[in-house]
2 protein chains.
Amino acid sequence: MSSKVTIHEVARLSGVSIKTVSRVLNREPNVKTDTRTRVQEAVAALNYRPNISARSLAGSKAYLIGVFFDNPSPAYVTDVQLGAIARCREEGYHLIVEPLDSEGDVAAQVEPMLHTLRMDGVILTPPVCDNVAVLDVLEAEGVPYVRLSPDQDQDRSAHVRMDDVRAAYEMTAHLIGLGHTDIGFIKGHPEHGASHLRYEGYVTAMKEHGHAVREDRVEQGWFSFRSGFEAAERLLDRIDRPTAVFASNDDMALGVMAVANRLRLEVPQTLSVAGFDDTPGAKVVWPQLTTVRQPIQAMAAAAADLLLTGATRTEGEAPPSRLLDFELVVRESTGPIG
Amino acid sequence: MSSKVTIHEVARLSGVSIKTVSRVLNREPNVKTDTRTRVQEAVAALNYRPNISARSLAGSKAYLIGVFFDNPSPAYVTDVQLGAIARCREEGYHLIVEPLDSEGDVAAQVEPMLHTLRMDGVILTPPVCDNVAVLDVLEAEGVPYVRLSPDQDQDRSAHVRMDDVRAAYEMTAHLIGLGHTDIGFIKGHPEHGASHLRYEGYVTAMKEHGHAVREDRVEQGWFSFRSGFEAAERLLDRIDRPTAVFASNDDMALGVMAVANRLRLEVPQTLSVAGFDDTPGAKVVWPQLTTVRQPIQAMAAAAADLLLTGATRTEGEAPPSRLLDFELVVRESTGPIG
DNA sequence: CTGAAAGCGCTAACAG
DNA sequence: CTGTTAGCGCTTTCAG
């Protein structure tokens, strides 16, 4: 219980008023350099840390940023937390995590936490970032928020996203560059916006390179391993089959790999397989999966940054947004034919 | 900004003093049932929520539980958070997540957060739960903590764990029950306590069933996919090979699967493969992996419970601990020979 | 069983 | 550039 040091002790030791200490703490202007130094020394000497409850009770900041999530993948959630905390720590903010139960009334879960804990901002991950009821509550409570990769109504709020179309385009181009012309595609869950964007990238790349998009080369999937497995069976269990398959996410790509194994199709000699997301599973198959990496940590850090700099509070103008670069991760599951 | 309702409004509406409202809020005794009801109605009518900063500034509780982690797997971290929050919400507590950078001075990172944010308790996950410097800081600051699956010095603090020995024993017994007598084993990272416990379970089961533990059937691994892959090559790429392999974790088991695929060994007809942990990857291979599921959410909930009930503050006696049950998850990667 | 008074440790005005 | 005075919304004494 060594934390009995308060702002008063610091003020006394440095011979100034508590208000001046407060100014130094908050990096406010109008403090003589000399005084500032003296206060900082006292802070260090006493190992003083301002009490966050007192600060938020008295002031307008809570030094707390919330991360709301509702069932996305663990790897995604963890990366969001790591990215957000990295930026938050610079300003002395902490992260409150609030898993939401999407089965229940999500808005009803959100409202109480906004009342008790006055967070300075909230980061919303998919799919809760597209839950209109949640956005409504947030706005009614006046809590700034940033959405990560929102599907719908992007102009409604500040958000951070990645260029799915271009990423899918480049992955397709990568396959084409390897010599493939007959490339199968497995679509993602039709209710996820990313599905359409990724498909669009694939189609554009095929067309621009003069390759037909055959109807029997495009299968519907649902982002799950099983749906990828089944789609791959339809695509591959026949004489006339594509030489490469691009699945809209890694889980489905792993399903493709499983089918390839079963059918004794050598990857990548006989079949190239590409995924999307760079989930942990991508490195846990043999051969390792070529995929697209989203800069999730950087996206979360950008979201935190928007919140901390107050950039979300725009008057009239369109809410700020950031578009980050993806990365093509070429591993062993794609290669030239033969 | 609808949250201007304070305890005073509630007191006025219910015709009592704020102290009585406070009593009702905190479920304190000595309030007439009638009065209590009236206050609760006022709370509901005004949609009042006590301000957490004010509460923690005035009182001794912060309504905040910390979760410290330092590089365990995303799936593990997420489960811990879900389990802990489930218990915390019942009491109006929130979760603060603090990823620690194990490369740096972990203790130095912990001390400031304990000062600014006076958490009521902290849950430590492996491997940070075995960092003595962190435990020292926690104790110096008087912050109660519970460790999840600690390796060392278990009696030092409250902790929650699972019976690794028995789980490994039962998995081995499962294989033996299927008719296997020649079972390979891949050990985990030698510096993780679980590695030894799991090996012990395997050895005990083999011996008790009258099967020899051949030296050339036990390989050292490091919990990574690659180490499992390499160990499996030594175990399987030869005429005289075991009919089953039990890897100390799923990542290594997936490495075994990859080697089996490569060597064209049919799983499970020619080779049974078992893992440990039930990570997401276990369901993302074909055939799906037989493994052991740790009740991570339940363990985290138990840890939160110890913290919330104040069970960690024991005088003199041994710190409390809870041992939870594991679950054998039998999927398709294990089966009878032939 | 209930209430009045006194802060918790800080920031927000406003004076100087 | 610096200090003074008020609270923020609660819990904690301590009286009734």
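We name chains A, B, ... by the order of the sequence lines, and we start the count at 1 in each one.
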Between NE2 of His8(B) and P of dG3(C) the distance, given in whole Å, is 13 Å
Rounded to whole Å, NE2 of His115(B) lies from P of dG9(C) at a distance of 13 Å
Backbone N/O of Asp151(B) and side chain of Asp130(B): donor-acceptor pair under 3.5 Å: yes
Inset, instruction - Would you tell me if any nitrogen or oxygen in the side chain of Asn26(B) comes within less than 4.0 Å of OP1 or OP2 on dT11(D)? - result: yes
Exercise. Would you indicate what Thr35(B) reaches in the nucleic acid, counting non-hydrogen atoms under 4.0 angstrom: base, sugar-phosphate, or nothing?
Key: sugar-phosphate
Contacts under 3.5 Å, N or O only, protein and nucleotides 5-8 of chain C:
unit_1 : atom_1 : unit_2   : atom_2 : d
dC8(C) : O2     : Leu57(B) : O      : 3.4
dC8(C) : O2     : Ala58(B) : N      : 3.2

Checking dG3(C), dG3(D), dC10(D) against the side chain of Arg55(B) (C-beta onward), the nearest is dC10(D)
With heavy atoms under 4.0 Å as the rule, sort Asn30(A) into base, sugar-phosphate or nothing. base
From the list Met119(B), Arg87(B), Lys61(B), side-chain contact (heavy atoms from CB on, under 4.5 Å) partner of Tyr93(B) resolves to Lys61(B)
When Ser17(B) and Arg49(A) are each assigned the nearest nucleotide of DNA chain C, the 5'-most assignment goes to Ser17(B)
query: Can we say Glu28(A) and Arg36(A) salt-bridge, meaning some charged N sits less than 4.0 Å from an Asp/Glu carboxylate O?
result: no
Report task. Spell out yes or no: do the side chain of Arg23(A) and the base of dG3(D) have one donor N/O and one acceptor N/O closer than 3.5 Å? Result -> yes
Describe the nucleic acid contact of Ser60(B) in one word from base, sugar-phosphate, nothing, applying a heavy-atom distance below 4.0 Å.
sugar-phosphate
Asp34(B) CG to dT2(C) C1', in whole Å, measures 13 Å
Checklist entry - Would you call Glu9(A)-Arg12(A) a salt bridge at under 4.0 Å N-O? => result yes
>> Any non-hydrogen side-chain atom of Val77(A) less than 4.5 Å from a side-chain atom of Val67(A)?
In response: no
Taken to the nearest whole Å, CD1/Ile52(A) to P/dC10(C) is 12 Å
### Message
Using a heavy-atom cut-off of 4.0 Å across all strands, would you classify Tyr48(A) as base, sugar-phosphate, or nothing?
### Response
sugar-phosphate
Would you classify Ser53(A) as touching base, sugar-phosphate or nothing, given that sugar-phosphate means primed atoms plus P, OP1 and OP2, and contacts are heavy atoms under 4.0 Å? nothing
Original post:
Just by modelled atom types, is the Ser14(B) backbone N or O under 3.5 Å from a matching donor or acceptor in the Arg38(B) side chain?
Top reply: yes
Separation of dT11(D) atom P from Arg27(B) atom CZ, nearest Å, is 13 Å
Separation of dC10(D) atom P from Asn51(A) atom CG, nearest Å, is 17 Å
Taken to the nearest whole Å, CD/Glu28(B) to P/dT12(D) is 7 Å
- Query: Any luck finding a side-chain donor-acceptor pair between Thr37(A) and Gln40(A) under 3.5 Å?
  - Reply: no
Between Asn47(A) and Glu111(B), do the side chains contain a donor N or O and an acceptor N or O under 3.5 Å apart? yes
When rounded to whole Å, the NZ to P distance for the pair Lys32(A) and dG3(D) reads 10 Å
Winner on side-chain proximity to Thr20(A), out of dG3(D), dT11(C), dG9(C), is dG3(D)
